[in-house]
Structures are given as C-alpha cells and as structure tokens.
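A note on names: the letters A, B, ... follow the listed sequences, proteins ahead of strands, and every chain is numbered from 1. Treat the numbers as computed from the prediction; the structure is a model and nothing was measured.
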Amino acid sequence: MTQNRYPHRHLLGIEGLGPSEITYILDLADRYVDQNRAAERKSGALRGKTVINLFFESSTRTRTSFELAGKRLGADMINMQVAASSVTKGETLIDTAMTLNAMHIDALVVRHPDSGAVHLLSQKVNCSVVNAGDGQNEHPTQALLDALTIRRRLGHLDGLTVAICGDVLHSRVARSNIHLLSTMGARVRLVAPRTLLPAAIQHLGVEVFNDMREGLEDADIVMMLRMQNERMKGSYVASVREYFHFFGLDYDKLRMAKPDALIMHPGPMNRGVEIDSDLADDVERSMILQQVEMGVAVRMACLEALMTGNETGNG
Amino acid sequence: MAPAGQINTDRATPGRVAYVNARLLDPATGIDAKGAVLTEGELIVDAAPGLFAGGAPSDVTVVDCHGACLAPGLVDMRVQLREPGEEHKETLRTAGEAAVAGGVTSMVCLPNTTPVIDDVATVEFVARRARLIGLAKVYPYAAATRGMGGKELAEMGLLKEAGALAFTDGLRAVSDARMMRRVLAYAATFDAIVMQHPEEASLAEGGLMNEGETATRLGLAGIPSAAEAIQLERDLRLVEITGARYHAAHISTAAGANIIRSGKARGLPVTADTAPPYFALNEMAVGGWRTFAKLSPPLRSETDRRAIVDAIIDGTIDVIVSDHAPQDQDSKRQPFAQAAFGGVGLETLLPVTLELVHNRHISLLQAIERLSWAPAELLGLPAGRLKPGAPADLVIFDDEVGWKVDPDKHFRSKSKNSPFDGRLVQGKVLRTIVDGRCVFQVDA
C-alpha cells in the first residue's frame, strides 16, 4: 500500500487537501475498480462497521453509489432520508447528529441543501463524516471520481486543460473540481454566461470565458454541468433555446477543443439543454458512464480511508 | 400645405457623383475645410480638402454645394417609430421621410412598439420594412426584458445576432435592482450595451412635469430631479460589479450629468446622450399647460439646462439624439394630466443643436461629432465618417439660414407634436444622401 495515508477523520471538501492525499485516495480507488469488475465484488475491509447515508436532499445516484460502496466493503449500510425543514433547520440538524452519535456508528455520509451544514454536523459527532454534497459548497467525491475517470483514461491530471461549462454559480461540483484539478496541476477554465458565474470566481485560479468557442479552444476535457430548467425562464438565462445555442455542447462547438477531447457530465443530463443528445451517447468521447462506474470505486476508497486507522486529525 | 423639398425613393444605383465646393466636416479626422467628396455607387471613394480644386473629372455627375456644409449623415440613436402597432402616430415611411428631411441617414428605434421588439422575428420585420422603404437606415434596439416587463431576461444573444444594436426597456427603467444586475451581467456575456431610461419609477410615478415652483404654481404633480440621480447612481453601482457597457439615455439634470461625469472619471464603461429639449428649453415651456412640452424625462430647471450644455461641452454627454416621440392630436389635445408624454424631433435635431454652435458653446465639428460620429462609434455602425470605403451617407446643409418652426407646414412626420413649435432656428438641410442616392433635396 502507498506510504501516504489520508490523515483526516472526515472528508468534508477538496479545498485544503494536498496532492498526496488526493493521489492516495485515487490509488486506492484504482484497485477497487478492478475488484468491482471481478466476479467476486465484495471484500471485508469494513466488516462490522456501520455507515448511515443521511440525506437531507433527495438523491438517487449518489446515495445508491455510497450504499453499494459500503456494502461491497462489508459494512452495514442504513439509508436515512430526512426532510430539511426550513424553519428549524439548525436545531434539527444538530439534534439528528447527536441522536445518531449516541448509536455508536462509524461513518455518516451526509448531503444537505445548505452550504456548511455538513461541517457543522461533523463537529457534533465522534464518527467520520463524508460530505455527499452541501449546498453550493462542495461535492468532494464527485471531483474525486471525475479525477479518477480522467486519470485512468489519460494517465495523468497535471498539464491538462479542463473546461467546466454551465451553471457554475449553483454548482458544488464545479467548486470541488476547481480545487481538485488546480491542486493536481491542471489548468481550469470556466465557461458560462455572467449571470451564472459567482463573484470573484477568477480568484480561485481559473480562467473565465463567456464565449464557449473561446473557452473550449484546445481543451483536453469538457466538463458539462447540469442546468436546471427553472433557471432558464428569464431569471439567469433568457430561454432554453438561447442557452443551447450559446452554451450547449454540440459537435460544432466541440470542434474547438482538442480532436480527442473527452466529455464529462455529473448527471443527470438535460439532453438538448446543456448537451446535444448525439454527443452524450458518443462512446468515443463521452465518459459519462465511466464516471458512474468510478463513483462506486472512489466512494469505497473514501470510506476505507476514513474508517481504517484514522483516529486523529480532522479534514 | 405640403412641406418643401423632394423625397426621392428611386432605387436606381447611382454612378460617380462629385460633391464639390463644400465645407467638409469630418469629426473622425477633425477636418473642417473646403473640399469635395466623390461617391461611387453606395460608397464614398474619396473625400479631402482641396479635392477637385482644379475642376471635377468630366465622367462624374457634379453637385455644386456652393460653400454649404457637407458632413456624414446624422445618426439618431433614439427614435420611436410606432410601427408596428401605432401607425396612426407614425410609420416607418413617414419617419423615414422626416429623418431624411432632417439630415438623419441612420436611426435606431426603441423596442416599445406593439408587439414589443423582444424576439428575432420582430427585429427582422423592422429591418426588412425599413430596407424596402429605402430612406434613412433603421436599426432596432431590442427589449432588455421580455415584453419590457422588467421580470425576465430577453434573448439578448439571439437578438444581437439578428441585428439588435443594444438592449433597453424603452421608456421604462428596469426597476428591480437584482433584475438590472442580471440584465447587465447577461448583456456583458454577449458584449452588448444596456441602455437605460434613467428614472426611478416609484418616485416619478404620477408626476407630470419637473418638480418645483413652476409645477406648484400650475398645480401639476412633480417628478423630482432626484428620480434621475437615484436611478443613475444605482445603475452605476451595478455597472461596477458587472462590468457591463451602460448607456444613459436623455440626461436632463445637473445631478445626472455629474453622476455620469464621475462614473467616467472612475473608468466605468458608461456613455450618455441628451436631446435638444434638455439643452434648449426649460420647465417654463410648460407654462399655460402646454402639452407639447410634456416630455419624459420632463423639461427641467434653467440650472439643469445650463448643466446639460456644460456636459455637452466637456464631453460628459457623448451623443445628441432627437428623442423623436410622435403623438397624434388625440393624445396631446387633452388636459395636461391626461396628455401623452413626448415630442417629435427628427426635423429639429440639426437646427436646434446648431444653436449650441451659434451661441459659441461648441464648434460646428463638435456638433457633427455628437450627432453622427459619436453615436456610430458607440453602436459600432460603419456610418459617421467621410472615409473612402464608408457608406455614402451624407448631409449637405446651410448652417446659417433662418426659419421658424411650423410643424403643420414643415414637418413630414405624421405627428406634429413639437416642443419647438414657433421657435426661430438657424440651419437648414439642403440635401440628404443615403447609400449614394439623393433621398431628400430642397426645392431649387
């Protein structure tokens, strides 16, 4: 096993992690990819451990991915779907954390609609906490699975040019990817209408483009973000047709990128909104299903890294 | 009685025409000298002081200007055309005739038609109709928000590709600050200009004229000059955080001019225009409840008027527009409160602006700059210069000859609601050329 370990109790975000910690998780995940493809997919690394998927926001893909990851490592997985009441959010969250803590569990996988909620919860429990997405802050396992997907296909992350396109403003996936990719030496570009870019985003070490063709020029990876329909009725973008015309990925705009540029999407896709349907299904270019596969392996690696022998430190 | 002069819509491609013995005025190069212009087909092929001093070649048609001024045709960047939807007030045809009679060769129209110009089809309709008429060129603005409703972004990217020059909700300011921020950010995405009617709506609501002593004596509800200042201050804060190109339309107050001045000094991408009523008239023109002087923004105090002149002199105000707002008799022959806002302006734009020259506030070249080159530059139009290769859009005018504004007698605009009704002015258009064709000519 690699010398570098992941010395933190929690995985709350990518920001603050160093290249060796990220590499450690990716290396670990790499091995689980092979295990997941084998006939016998289960191992006993986390036998006897209890993990709760605590989701304050509905999710099928991420929750299922964590559930599978835990089960393949032999852990007991429990799903809890909690409605985040808008009035008593803070109270409920801490109460829930204290209650679960009293049950002596080993890890909590938490998704919450408010940025920072997972950090707050992590301060109230004795177990490990994995952030499965908090508001518009971070979604660290998504960035790790994206990195693993790229690394397995291209062999490295450093020196690559990655264009992240779409609704950056509301995207925790974008923030985690910005941190991870720039930490690992990739050049990150953002492509979006200015209404969908957060203030001062260029201070995160990215290049910002409003013109998609310019933003895609010579990119190795085109990472599309999901665009929610309710944001395209005049509030952030004038219309779906205008959005697709200027910011939707199609073969014409993709021609600006490197000839073998890869396409990624965190899912679920809006075909005909942020991505042309043909392109989404293009097996030569689209890495979308590989991302899903890498997701399980990365989450296995994260759960293992957190729950085996890390009694100190706080990520 | 028919207005003097001939409108010509003959589409025959002109050959080579030499306009000789002219006082050339080209703000782009700073030329103000005796010279000539040679056009061929739709384009200028030569323009220089001293050109054809020894006589024009024999194979060209010669137009002797007899020492009159020859300048790039005026580019009027704020016109309400009323078509489609209110053709009883003005049509593209009557506005086109009024424009060329006023020396205007390009005009940019507001989207406040019925339907509102907020989709690609309407942009294309206006452009196509104007091309068919063949008088002054017409370029549209499109709405900044859908239906000018101030709530949802318009399709600025697609509209700009279709030919919309900038985005504005016409006579309505985008009131909601968050919406305005998004309008600016969205426009900046497409490198588009946002043009605002700078009036804080809740403060101006119900107001009929400038707030002050005159309004109080007349018993009319006032619109405070602060309504302009507040809107501009807010907008410039939003320009600061979005970096968008912002143009303030028809500045009417001293405070407004100061805000633009300081915005420019801070390096903000801001420009502004005003219209002749705001530097040539003040609120006294409303005396006797004269509805032709009911404008939006309202005519202001004498102090404001002088400040607008100063802002034109120092370049704070980049452009002078006609702010042409035709209203039919039924809209203006009303008690003041019920009368519509606005005045026609295409046919008085040049002579009233020349008052600034006759009063020695600015030079003739500076006047032409504000009326032609500056708006063309601002909007990215190829007009506004006497340069080989540029479209042959020209105006020949006498800057001295005096006349009295009599809308019923002189105006080709379908509506006659001029705030300058009865004014003695100096300066008269002799000939207007669009794409090399003589589209207007005074009677010999």
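Residues of residues 260-276 of chain A lying within less than 4.5 angstrom of chain B, judged on heavy atoms, are absent. Inspection of non-hydrogen atoms places P193(A), R194(A), T195(A) of residues 170-204 of chain A under 4.5 Å from chain B.
The side-chain contact (heavy atoms from CB on, under 4.5 Å) test with R78(B) is passed by exactly one of V319(B), V321(B), V108(B): V321(B).
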*Step by step, would you call Q291(A) with Q142(A) a side-chain contact (heavy atoms from CB on, under 4.5 Å)?*
CA-CA 9 Å; Q291(A) 289 173 272; Q142(A) 178 71 43; 4.1 Å; yes

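Using a 4.0 Å cut-off between a side-chain N of Lys or Arg and a carboxylate O of Asp or Glu, R385(B) and E377(B) qualify as a salt bridge. Ion pairing between a basic and an acidic side chain is recognised when a charged N comes within 4.0 Å of a carboxylate O; R266(B) and E240(B) show such pairing. Ionic pairing of R245(B) and D191(B) is not present here: no N-O contact between side-chain nitrogen and carboxylate oxygen is shorter than 4.0 angstrom. Comment: D220(A) engages K258(A) in a salt bridge, judged by a side-chain N to carboxylate O separation of less than 4.0 angstrom.
Looking at R182(B), the atoms closer than 4.5 Å to chain A (heavy atoms on both sides) sit in the backbone and in the side chain alike. For Y243(A), no part lies under 4.5 angstrom from a heavy atom of chain B. In this structure, the portion of A154(B) lying under 4.5 Å from any heavy atom of chain A is its backbone and not its side chain.
Listed by chain and number, the residues in a salt bridge (charged side-chain N to carboxylate O under 4.0 Å, His left out) with E233(B) amount to none (sequence neighbours excluded). D169(B) pairs by the side-chain hydrogen bond (donor to acceptor under 3.5 Å, both in side chains) definition with T145(B), not counting sequence neighbours.
In the model, S322(B) has a side-chain atom that pairs as donor or acceptor with a side-chain atom of D76(B) under 3.5 Å. Donor-acceptor pairing under 3.5 Å is lacking for the side chains of D167(A) and Q228(A). Side-chain contact, Y251(A) with D278(A): no donor N or O sits under 3.5 Å from an acceptor N or O.
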